**Q** 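Structure in structure tokens, see below.
Because the structure is a prediction, the values reported are computed rather than measured. Both ligands and their constituent atoms are indexed starting at 1 by order of listing. Quick note: numbers below take in every heavy atom, side chains included, and nothing from hydrogens, waters or symmetry partners. Residue numbers start at 1 and run along the sequence shown.
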Amino acid sequence: MKEYNLDERNIITMEDKEVIVHTNDLHVFYGNNEAIKGVDLEFEKNKITALIGPSGCGKSTYLRSLNRMNDGIANTRVTGEIMYKGVNVNSSNVDVYEMRKRIGMVFQRPNPFSKSIYENITFALKRHGEKDKHKLDEIVETSLKQAALWDQVKDSLHKSAHALSGGQQQRLCIARAIAMKPDILLLDEPASALDPISTGKVEETLINLKEEYSIVIVTHNMQQAARISDYTAFFYLGNVIEYDVTSKIFTRPKIQATEDYVSGHFG
Ligand SMILES: Nc1ncnc2c1ncn2[C@@H]1O[C@H](COP(=O)(O)OP(=O)(O)OP(=O)(O)O)[C@@H](O)[C@H]1O
Ligand SMILES: [Mg+2]
């Protein structure tokens with residue numbers, strides 16, 4: 001195993017760009033294990049940012065912290081700031097439920113509810129008090145269109161979501177997340193359980209979505225990161241070693257560890 005100098009970093013800042021969310025000195029501990037060791041990252045609005053790095057380096061932990069999904073894990077401690085619209089998401093007085101309407105998440109395995117396609121999308125909206133049938137219909141249609149699924153399911157909206165293919169289920173989960181009109185969509189390896197065709201469709205969907213949403217995606221698939229993301233952050237051992245525009249990370253990274261990782265010569 002090669003030793004890398006972890007003090008050597010290249011982390012860009014957004015200068016004059018509009019930042020949707022940023023973390024300051026973010027640390028995440030599971031008991032005594034410090035999984036994230038002081039990460040400062042800025043995410044540009046309406047862009048796709050990919051988080052890459054070897055297994056166990058903290059990508060999912062970092063992503064989950066952005067909408068406090070780590071809260072539910074016992075013995076977890078998160079310190080530092082997650083700044084979103086002038087509010088520290090990590091402070092105790094934040095209404096986590098409301099915050100997650102603004103910062104939504106899609107998981108690795110498609111996890112639709114055991115309900116119809118229609119109800120998957122309207123469930124949370126109804127819980128938030130939306131009763132207007134016409135409005136719900138409209139949101140179902142626009143969310144499914146944005147998730148590039150409408151044409152395939154418009155005649156079977158009341159069929160079970162479990163009757164869909166894996167790729168369709170994942171796009172339904174994306175539709176369900178965007179029905180809440182979040183600002184930010186967090187996705188943890190959303191295509192890793194899918195075949196190449198479904199993966200391609202999910203990727204197309206994400207590229208279309210960035211007109212309206214800011215997207216942060218964890219991926220192990222280097223081609224995927226290169227294809228769809230504007231920025232890439234390379235995580236290693238709980239730190240971000242390099243953060244730059246995606247084309248630079250993949251063609252001329254400044255840090256050796258990044259170069260070795262993206263070229264498949266790591267470790
Ligand atoms: N729920 C948990 N409880 C305790 N430790 C955890 C938990 N989740 C992750 N960890 C630890 O935190 C560290 C980072 O894990 P994380 O899942 O964030 O890595 P990752 O980069 O997403 O890896 P992968 O690419 O394999 O998904 C690891 O040491 C892991 O063992
Ligand atoms: Mg992970």
Side-chain angles (χ1 to χ4, degrees), residues 1-4 6 9 11 21 23-41 43 48-80 82 89-90 96 100 103-111 166 170 173-174 177 184-194 199 202-203 206 215-229 231-244 246 249-250 253 255 257-267:
M1 190 83 183
K2 233 186 214 171
E3 291 275 331
Y4 293 105
L6 298 183
R9 311 260 178 100
I11 313 287
V21 65
T23 63
N24 289 327
D25 197 25
L26 194 80
H27 296 254
V28 183
F29 300 84
Y30 297 110
N32 293 325
N33 176 19
E34 187 177 13
I36 292 294
K37 301 173 181 169
V39 169
D40 304 315
L41 277 187
F43 297 90
I48 300 181
T49 304
L51 311 184
I52 64 168
S55 190
C57 66
K59 304 177 297 295
S60 297
T61 299
Y62 180 78
L63 188 81
R64 281 201 303 266
S65 71
L66 297 178
N67 76 344
R68 304 240 321 238
M69 284 287 174
N70 293 317
D71 282 16
I73 303 172
N75 294 320
T76 305
R77 193 160 58 88
V78 181
T79 67
I82 301 154
V89 165
N90 198 32
V96 172
R100 287 189 188 141
I103 310 178
M105 184 168 267
V106 173
F107 298 91
Q108 182 169 8
R109 302 229 156 242
N111 59 347
Q170 194 59 305
C173 293
I174 292 172
I184 305 169
L185 202 54
L186 309 174
L187 305 106
D188 196 349
E189 301 188 56
S192 67
L194 306 180
T199 297
V202 169
E203 289 180 6
L206 296 178
I215 295 174
V216 185
I217 177 173
V218 171
T219 181
H220 273 126
N221 181 329
M222 294 301 109
Q223 287 80 16
Q224 178 167 76
R227 276 194 298 265
I228 70 171
S229 70
Y231 296 98
T232 297
F234 173 63
F235 278 71
Y236 181 53
L237 297 176
N239 285 304
V240 176
I241 300 295
E242 185 149 19
Y243 181 47
D244 212 327
T246 294
I249 292 283
F250 286 96
I255 308 294
T258 316
E259 167 140 21
D260 287 356
Y261 186 73
V262 300
S263 64
H265 297 110
F266 192 75

**Q** For a quick test of reading the model, state the closest non-hydrogen atom pair linking S229 to T246 and the distance between them.
**A**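 In this case the closest contact between S229 and T246 is OG-OG1, 2.8 Å.
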
**Q** I need the contact type for R64 against ligand 1. Using non-hydrogen atoms and a strict under-4.0 Å cut-off, is it side chain, backbone, both or neither?
**A**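 Side chain only; the backbone of R64 stays clear of ligand 1.
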
**Q** Short list, please: which atoms of ligand 1 are under 4.0 Å from a heavy atom of E189?
**A**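 By the 4.0 Å cutoff, the relevant atoms are 27 (O).
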
**Q** With a cut-off of 4.0 Å, which atoms of ligand 1 are near a heavy atom of A35?
**A**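 Near A35, meaning under 4.0 Å from one of its heavy atoms, ligand 1 has 12 (O), 13 (C).
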
**Q** Under 4.0 Å, heavy atoms only, figure out whether ligand 1 is touched by the backbone of N33, its side chain, both or neither.
**A**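 Just the side chain.
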
**Q** Roughly how far, to the nearest 0.5 Å, is the CZ atom of F235 from the CG atom of L63?
**A**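 L63 atom CG to F235 atom CZ measures 8.5 Å (nearest 0.5 Å).
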
**Q** Under a heavy-atom criterion of less than 4.0 Å, does G53 contact ligand 1?
**A**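 No, G53 has no heavy atom closer than 4.0 Å to ligand 1.
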
**Q** With backbone taken as N, CA, C and O and side chain as the heavy atoms from C-beta onward, which portion of T61 lies under 4.0 Å from ligand 1: side chain, backbone, both, or neither?
**A**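 Contact part for T61 vs ligand 1: both backbone and side chain.
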
**Q** Should you measure from each heavy atom of I73, which atoms of ligand 1 turn up under 4.0 Å away?
**A**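 Per the distance check, 1 (N).
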
**Q** Does CG belonging to N75 count more than 12 external heavy atoms closer than 6.0 Å?
**A**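 Open: at most 12 neighbouring heavy atoms sit under 6.0 Å from CG of N75.
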
**Q** What protein heavy atom is closest to atom 26 (O) of ligand 1, reported as residue, atom name and distance in Å?
**A**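 Going atom by atom, the protein heavy atom closest to atom 26 (O) of ligand 1 ends up being S55 OG, 2.4 Å.
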
**Q** Please state which option from Y30, F29, Y236 has its nearest heavy atom closest to atom 6 (C) of ligand 1.
**A**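 Ranked by closest heavy atom to atom 6 (C) of ligand 1, first place is Y30.
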
**Q** Test of understanding: given a 4.0 Å heavy-atom threshold, classify the contact between S60 and ligand 1 as side chain, backbone, both, or neither.
**A**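 It is both parts that get close, each with some atom under 4.0 Å.
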
**Q** So that I can tick it off, tell me whether R9 and E242 are bridged by a salt bridge, with the cut-off set at under 4.0 angstrom between side-chain N and carboxylate O.
**A**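 R9 and E242: not salt-bridged.
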
**Q** Under a 4.0 angstrom heavy-atom cut-off, which atoms of ligand 1 come close to H220?
**A**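 This gives 24 (P), 25 (O) as the contact atoms.
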
**Q** Please check if any side-chain donor atom of T258 sits under 3.5 Å from a side-chain acceptor atom of Y236, or the reverse.
**A**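 Absent: no donor and acceptor within the cut-off.
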
**Q** Would you give the length of the straight line joining atom CG of D244 to atom CZ of F234, rounded to the nearest 0.5 angstrom?
**A**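 CZ of F234 is found 14.0 Å from CG of D244.
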
**Q** Would you tell me whether E189 and T219 have side-chain atoms, one donor and one acceptor, within less than 3.5 Å of each other?
**A**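 Side-chain D/A pair, E189 to T219: absent.
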
**Q** The Mg ion (ligand 2) and Q108: any N/O/S contact shorter than 2.8 Å?
**A**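 So Q108 does not bind the Mg ion (ligand 2) by this criterion.
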
**Q** For atom 30 (C) of ligand 1, state whether the nearest protein heavy atom is under 4.0 Å away.
**A**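 No.
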
**Q** Scan side-chain atoms only and decide if N70 and S65 contain a donor-acceptor pair under the 3.5 Å cut-off.
**A**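 Judged by distance alone, the side chains do not pair up.
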
**Q** To check your reading of the model: name the closest protein heavy atom to atom 28 (C) of ligand 1, its residue, and the distance in Å.
**A**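 Minimum-distance protein heavy atom for atom 28 (C) of ligand 1 reads G56 O, 3.8 Å.
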
**Q** Are Y4 and Y261 near enough that their ring centres are under 6.0 Å apart?
**A**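 No - the distance between ring centres of Y4 and Y261 does not fall below the 6.0 Å cut-off.
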
